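See structure below.
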Amino acid sequence: MADTVELLDLAGIGAGPFNLSVAALAADNLPAMATRFFDAQSRYIWHEGLMLPETHLQTGFLKDLVTGVDPTSRWSFLNYLVAHRRFYRFLNAELPTVSRAEFSDYLRWAAEGLDNVWLDHPVREVTHDGEHFHLRTDARHFRARHLCVGSGKRPWLPDFARDFQGERCLHAESVALRARDFTNQRVVVVGGGQSGADIFLNGLRGHWGPPKTLHWLSRRRNFQPLDETAFTNEYFTPGYTRQFADLDADVRRREVAAQKYASDGITPAALLTIYQALYNRFDVMGEPRWAHLLPHREAADMVRCGDGFGLTAVHGPTGIRERFDADVVIFATGFASALPDCLAPLAESIGRDERGEATVGRHFLYDWQGGTDSRIYAVNAGRSRYGIAEPQLSLMAWRSGVILNHLSGREVFDLEDDQGPIEWRPLNPDGAAQ
Ligand SMILES: Cc1cc2nc3c(=O)[nH]c(=O)nc-3n(C[C@H](O)[C@H](O)[C@H](O)COP(=O)(O)OP(=O)(O)OC[C@H]3O[C@@H](n4cnc5c(N)ncnc54)[C@H](O)[C@@H]3O)c2cc1C
């Protein structure tokens, strides 16, 4: 029976941008390899639940699926523009950054165009028989020599909010999944990152109808900008990432925490747009202030109050507990790493760190003990190993190159980078200046 089941060299779980990049580079550069990437989505939309008006990439469009390692690939963003006959108009528009809607359409175009990407194929279960992996989708069964896990992260919200989840208490990742009406509602947004900013701005503009009040809480001391300056952007280079991966685990943890706003802040453009919208509405037009910005508050508790909620937050500088009555609470509180449910049969044999997270080692491999000749690669799972670039688009093409070079056992992609302006490694271990 097993021999009649199609055998793949590499099976991908998920075809979000990260695995899509592996798929695109494998399709044209490793045609002799049988690769296939399965995604649950039947209609490809990038983070559909957060596809809001006026949202933009935090990253330059050249950091697309392929360009960083294979600029002549047909799956580049530039080729997408040419194929859609809007290359010149794109240039004339002088967009400082591409909209999320356009980038999503680029990803859809690639996903639908690649023969090795199969949409509408949720992977339900993965087992290993000692030689091969067995993947089961709803209708099919495949064997694979190796896996590449790219199922993304799970929405995270505080424990106290979990039991209240529903139409009126939701994580940001589902806010755009259906039509919503917040007219005359008291809306509270929790979370001071980019998603919180996008939701606040849309609330302010009445995207879901004019709310009665709109409160935006952030644990951060202020509405912190993303640091997009040149030397900070060096964190998003292969050279930095390589030396970072060699550091001690506790140093890596410390550095990731210190670099938070290089990846988790709000774009200066979005902050300015919000500030200008507030100025125009409340200072120039003189509307009574119904939108409130509340940084340095930690949401701490929540109770149900009739049809709404009472949310308690602790004011950082004073420790005073404040209460916010709300009809709708939206948690823009980020995402957490988790193995997909379909990997449950293998989970026990995947190594974990002290926080229980699956550990990613060299070549983006899970530390998996299950089969000698089978490997499990993982994308978007190695932040503590590779640093803050790991969950970002910036190095996805490079990471795909690392994975495919390792998979094929040869240097399909030239991944060497010239020395940049910064010396990250010690120059001479004896400490004598030269
Ligand atoms: C709203 C938003 C905007 C972002 N913007 C930027 C940005 O501008 N710049 C930047 O650098 N980073 C950005 N990021 C961070 C990061 O680049 C994205 O989250 C990116 O989508 C991660 O890609 P991924 O492929 O790991 O996961 P995802 O995009 O989450 O894709 C995972 C895919 O796996 C599929 N899947 C899951 N389980 C299964 C299964 N069992 N079987 C089959 N398929 C499955 C899902 O359907 C999904 O398509 C953003 C993140 C968010 C949430």
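If you're wondering where the values come from, they're calculated on a predicted model, not measured in any experiment. Computed over heavy atoms, backbone and side chain alike; hydrogens, waters and symmetry mates excluded. Read the numbers this way: they start at 1 and go in the same order the structure lists the ligands and their atoms.
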Does at least one non-hydrogen atom of [X] fall below 4.0 angstrom from an atom of ligand 1?
X: F335; result: yes
X: R100; result: yes
X: P340; result: no

Inset, instruction - Would you check if L81 and F61 make a side-chain contact, meaning some heavy-atom pair closer than 4.5 Å? - result: no
Legend entry - Which of the ligand 1 atoms, numbered from 1, are nearer than 4.0 Å to a heavy atom of P17: 20 (C), 21 (O), 23 (O), 25 (O), 29 (O)
Legend entry - L57: numbered ligand 1 atoms lying under 4.0 Å from its heavy atoms: 8 (O)
Out of [options], who gets a non-hydrogen atom closest to [atom]?
atom: atom 32 (C) of ligand 1; options: A378, G14, G150; value: G150
atom: atom 35 (C) of ligand 1; options: D39, V379, L393; value: D39
atom: atom 12 (N) of ligand 1; options: E125, Q392, R124; value: Q392
atom: atom 44 (N) of ligand 1; options: G60, G12, P155, A40; value: A40

Legend entry - Atom pair CD (E173) and CD1 (I330), whose distance is rounded to the nearest 0.5 Å: 12.5 Å
Inset, instruction - Could you tell me the separation between the OG1 atom of T55 and the CG atom of D198, rounded to the nearest 0.5 Å? - result: 5.5 Å
Legend entry - Stepwise side chain to side chain donor-acceptor pair (under 3.5 Å) test for D64 and Y80: CA-CA 11 Å; D64 62 13; Y80 158 81; over 6 Å; no
Legend entry - Trace of the side chain to side chain donor-acceptor pair (under 3.5 Å) decision for H134 with H128: CA-CA 6 Å; H134 290 254; H128 193 268; over 6 Å; no
Inset, instruction - Tell me which part of F38 gets within contact of ligand 1: side chain, backbone, both or neither, using heavy atoms under 4.0 Å. - result: backbone
Legend entry - Heavy-atom neighbours of D138 CG exceed 12 at 6.0 Å: yes
Legend entry - atom 19 (O) of ligand 1: the protein heavy-atom neighbour that sits closest, reported with distance to 0.1 Å: H47 NE2, 2.8 Å
Inset, instruction - Considering only non-hydrogen protein atoms, determine which one is nearest to atom 5 (N) of ligand 1 and report residue, atom name and distance to 0.1 Å. - result: W46 CH2, 3.6 Å
[X] N/O to ligand 1 N/O under 3.5 Å:
X: S195; answer: no
X: T59; answer: yes
X: L50; answer: no

Please tell me whether [X] and [Y] form a close aromatic pair, meaning their ring centres lie under 6.0 Å apart.
X: F87; Y: F90; value: no
X: W368; Y: F133; value: yes
X: Y377; Y: H406; value: yes

